[in-house]
Amino acid sequence: MYAQVVVDVPTQQTDHSFDYLIPAALEKFIVAGQRVVVPFGRSGRRVQGFVVGTSTTSSYAQKCKPIAYLIDLQPVLSSELLQLSQWLANRTFAFWVDCLQTMLPNVMRAKYSKKAWALTSTVRQSALFQGAAAISVPNDLTQQRQLAQWQKQGQVRIDYLVENKAQTRQQLVLNRVANQDYAHIVTQVKPQATKQRQLLQLFIDHPDWQQITYTALQQKYQIGNSVIKAAIAHGWFTRSQIEIRRNPYTNPVTPSSPQVLTAEQRKAYQTIITSASRPVLLEGVTGSGKTEVYLQVIEHFLQQHKTALMLVPEISLTPQMVTRVRARFGGQVAVLHSGLSQGERYDEWRRINQQQAQVVVGARSAVFAPLRHLGVIIIDEEHEASYKQIDNPRYHARDVALWRGRYHHCPVVLGSATPSLESRARGQKRVYQLVQMPHRVYNQPLPQVQIVDLREQQNLALELNSPLQVDLSQPLITALHQCLKKHEQAILLLNRRGYANFLLCRNCGFVPHCPNCDITLTVHLQEHCLLCHYCGHREPIMKQCQVCGSSKLRLSGTGTQKVETQLQELLPQARVLRMDNDTTTRKGAHQRILQQFAQQQADILLGTQMIAKGLDFPNVTLVGVINADTGLGINDFRANERTFQLLTQVSGRAGRKQKLGQVFIQTYNPDNYAIQLASQQDYEAFYRQEMQFRHQGNYPPYFFLIKITISHQERAQAFKMAYNVAKRIKPILQPREQLLGPVQPTVARIKNRYYYQIIIKYRHNQSLGQLLHQIMNNVQIDKKRGFAIAIDNEPQQME
DNA sequence: AGCACGCCGACT
DNA sequence: GTCGGCGTGCTC
Ligand SMILES: [Zn+2]
Ligand SMILES: [Zn+2]
């Protein structure tokens, strides 16, 4: 018997399965989906591999090596996920093994090490071994050479170790022994052995106990280790270990029951549960009660003994969100998010794999949750860019969800108040079933939105001979005053996309740049240094300008700190909470700030994009957007879409139930349609207008996009390679299809490598995929000459 | 990737 | 002569 194994060597030349002999002893145990350790290469190198199939014959002409050993007794990947991995590799131009690894918790990645064994006493007494029988192979080159020489002479053996980091938490337990008559024994025990008698009595009083943990005996009954040891020595009990699941849920929840649905919600619910062959796009305004629909849909499929997967963007996956789902489905819920420790994540994953959890809630990577019998997949806020992974494999969770939906023949729900144009257009073409929920559940009125024209404000200030020095306009300041007077709360959004604080010499205009990248260094006041976000380069904040020596160095860029200072001057009585990268570096800080604000420990929450999501704040009646324009300045065809989404989302935070909300949007582009239509909260009108723009520019959803990035240490080399790649692609393009570039991105150099980009706009091109795989092959082979290539299918970020 | 093999200049 | 630097090719 042979096994087809995909080895953990992510390169182009090894990006296929290898045949291995299955040793007779393992024949009964080997199944596709298991991890194994196999020898690989001419030395004794061993690597982890995934069994992707078994066969009775092999097409490999030479002799196959046997599998070294099994890592998993049970498969960790189902045949569904194995198939998915292949599709994913093909779609994202990633290595197969990377796709397989991505589907599993991080701890299941192998750790490799080498151990050298001294076979003679001379070697053992050498300076290197210092009497030890074995040492781990050092990094030092000359020492490695010495070991290689000894190895050749048969004086040293080198072992290749594949470590499995995945570990379960074990606990000691005391087991009842069936033939022991505790009621009798207890009468025979010496009178002074009170603890022994107590232990026996416990097992007499609890006939249902088969075992109990040592910790429980210690904590509940103060029975220590020595007592237990003695009891085992008598033969009354046996000792063993059981696995303890790491429990990420700190607080118990009070169960909730389904709410009565509105007519709109009921219609959505009905459509979803009957739409197994067509995905449903659920377009519902903020407050329309999408989550309740999701929960009842999940309930419906659980009753049919199916499972449910619900994806939520990482920043929306708050404790409140998790609690809401757990309140409905209790212990059936497993949660996968970045806040878990590696061990907790591994345990949650295994709970799902062992079918002990039927509902999974998680962020992007949870789309690979090993659920069987999927009944429904829900993607909330489907427009969120964070569903697309930035590094390899560059997959979009939405695409994966649609694949799994097709595999299981189950409904896939894409929910959003502001759907991506791609999804909305598919709703129009009835590829997706479009369901709209335009009303809020309690019929709260939409907030009143006012656009503040900053050009006007500036002119006004000039007339009064006092140039606008603050980032807050007069109408917004007035509104803030009124809000505070009513003891209500306000949110201020500082749109800082692409903007960071940098240092500027006021004398000569010098700005410190990273020596390795073409980018200005960011000021980090917290750590008191200048930092490069691309390569991690760090240097102290200089006191004097490097060029002119002037000491007039100023912190520049629109910062939340600057606005905070202004707020303190304008509204000295206001309590301001600031939320940005500086205040949320520590884990959980993000949640803590939101919590404080929810508990009304502050009047104003001032922050960047991250405040647009998360907790509900019922007392917030005022939202101010300080600079609506910054998102528009970005060289990306989705700039309007992103701006519209952000403004709509943050506006939705104003006003709940009886309290009417008020929104101020400050802008220099009051006529921009994204800003105009966001102020009217009119998604459908925005969709129509934006579609025209996309049509004119041949952008998605009218065209598909592929971004190719090529890099090299030398600029000319990078360009030459990119140019040749472009030349190969151009001939196969269809009439209206386009190739743009190669061009340098805004940050043309990162970590001393030069980058070039090619964008392809295409529609139905049969040969493109194949050609790109070929190009990938060719360029990867030139990796040793310093070339690197990345192909991003449907990029979310154009830069 | 990581390792072996092979070719070539430089140093004991 | 041999050590070690690097370019090339292979891994079931
Ligand atoms: Zn200067
Ligand atoms: Zn840098």
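Throughout, protein chains are lettered first and strands after them, A, B, ... in sequence-line order, and every chain is numbered starting at 1. Note that the structure is predicted; figures quoted are calculated from it, not measured.
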Asker: Send over the distance from Q12(A) CD to dA1(B) C1', rounded to a whole Å.
Answerer: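 Result: 13 Å.
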Asker: Looking at Y395(A), I'd like to know if the NZ or CZ of R91(A) sits under 6.0 Å from its six-membered ring centre while staying within 45 degrees of the ring's axis.
Answerer: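 Judged by the rule, R91(A) and Y395(A) form no cation-pi pair.
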Asker: Assess, by modelled atom type and distance only, whether the side chains of Y534(A) and N516(A) contain a donor and an acceptor separated by less than 3.5 Å.
Answerer: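 No, no side-chain donor-acceptor contact under 3.5 Å.
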Asker: Could you verify whether a donor N or O on one side chain and an acceptor N or O on the other, from Q155(A) and T120(A), lie under 3.5 Å apart?
Answerer: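 The criterion, which ignores hydrogens and geometry beyond distance, is satisfied for T120(A) and Q155(A).
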Asker: Could you tell me the separation between the CG atom of L141(A) and the P atom of dG4(C), rounded to a whole number of Å?
Answerer: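 Interatomic distance, CG of L141(A) to P of dG4(C): 10 Å.
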Asker: Just the rounded figure in Å: distance from C1' of dA4(B) to CD of Q144(A).
Answerer: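 After rounding, the gap between these two atoms is 15 Å.
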Asker: Does the side chain of H537(A) reach to within under 4.5 Å of the side chain of K751(A), using non-hydrogen atoms?
Answerer: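 H537(A) vs K751(A): side chains apart.
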Asker: Which nucleotide sits closest to the side chain of T14(A): dT11(C), dG4(C), dC12(C)?
Answerer: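 Nearest nucleotide to the side chain: dT11(C).
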Asker: Among S17(A), S58(A), S55(A), exactly one meets side chain to side chain donor-acceptor pair (under 3.5 Å) together with Q4(A). Which residue is that?
Answerer: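 The option that passes is S55(A).
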Asker: Name the closest nucleotide to the T11(A) side chain, picking from dA1(B), dC3(B), dT11(C).
Answerer: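 Closest nucleotide among those given: dA1(B).
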Asker: Just do the side-chain contact (heavy atoms from CB on, under 4.5 Å) check on I775(A) and I789(A) with the steps written out, would you?
Answerer: CA-CA 9 Å; I775(A) 289 172; I789(A) 183 170; 3.9 Å; yes
Asker: May I ask you to check whether over 12 heavy atoms, not counting those of Q734(A), lie within 6.0 Å of atom CD?
Answerer: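 Yes, enclosed.
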Asker: Could you state the atom-to-atom distance from CZ of F787(A) to C1' of dG7(C) in whole Å?
Answerer: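 F787(A) atom CZ is separated from dG7(C) atom C1' by 16 Å.
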Asker: May I have the distance from F18(A) (atom CZ) to dG2(B) (atom C1'), rounded to whole angstrom?
Answerer: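 One finds 13 Å between C1' of dG2(B) and CZ of F18(A), rounded.
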Asker: For Q151(A) and dC3(B), what is the distance between atoms CD and C1' respectively, to the nearest whole Å?
Answerer: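 Result: 11 Å.
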Asker: Give the rounded distance in Å between these two atoms: CD of Q149(A) and P of dA4(B).
Answerer: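 About 14 Å, once rounded to whole Å.
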Asker: For Y160(A), answer base if it contacts any base atom (sugar-phosphate contacts may also be present), sugar-phosphate if it contacts only those atoms, and nothing otherwise; contact means non-hydrogen atoms under 4.0 Å.
Answerer: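 It contacts sugar-phosphate atoms only.
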Asker: If you check the Q62(A) side chain, which of dT11(C), dC3(B), dG4(C) turns out closest?
Answerer: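 For Q62(A), the side-chain atoms sit closest to dT11(C).
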Asker: Rounded to the nearest Å, what distance is computed from the CG atom of residue D15(A) to the C1' atom of nucleotide dA1(B)?
Answerer: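 Distance, rounded to whole Å: 13 Å.
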Asker: What parts of residues 22-47 of chain A reach DNA chain B, counting only heavy atoms under 4.0 Å away?
Answerer: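 Those residues whose heavy atoms fall under 4.0 Å from DNA chain B, taken from residues 22-47 of chain A in numerical order, are R42(A), S43(A), R45(A).
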Asker: Select base, sugar-phosphate, or nothing to describe what K152(A) touches, counting heavy atoms under 4.0 Å on all strands.
Answerer: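 Here K152(A) touches no strand at all.
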Asker: Would you say dT11(C) has OP1 or OP2 under 4.0 Å from some side-chain N or O of K63(A)?
Answerer: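 Negative; the distance criterion is not met.
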Asker: For R145(A) and dT2(C), is the shortest distance between a side-chain N/O and OP1 or OP2 below 4.0 Å?
Answerer: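 No, because none of the side-chain N or O atoms of R145(A) sits under 4.0 Å from OP1 or OP2 of dT2(C).
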Asker: Between Y60(A) and dC12(C), do the rings stack, that is, sit under 5.5 Å apart with planes less than 30° off each other?
Answerer: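 By the stated criterion, Y60(A) and dC12(C) stack.
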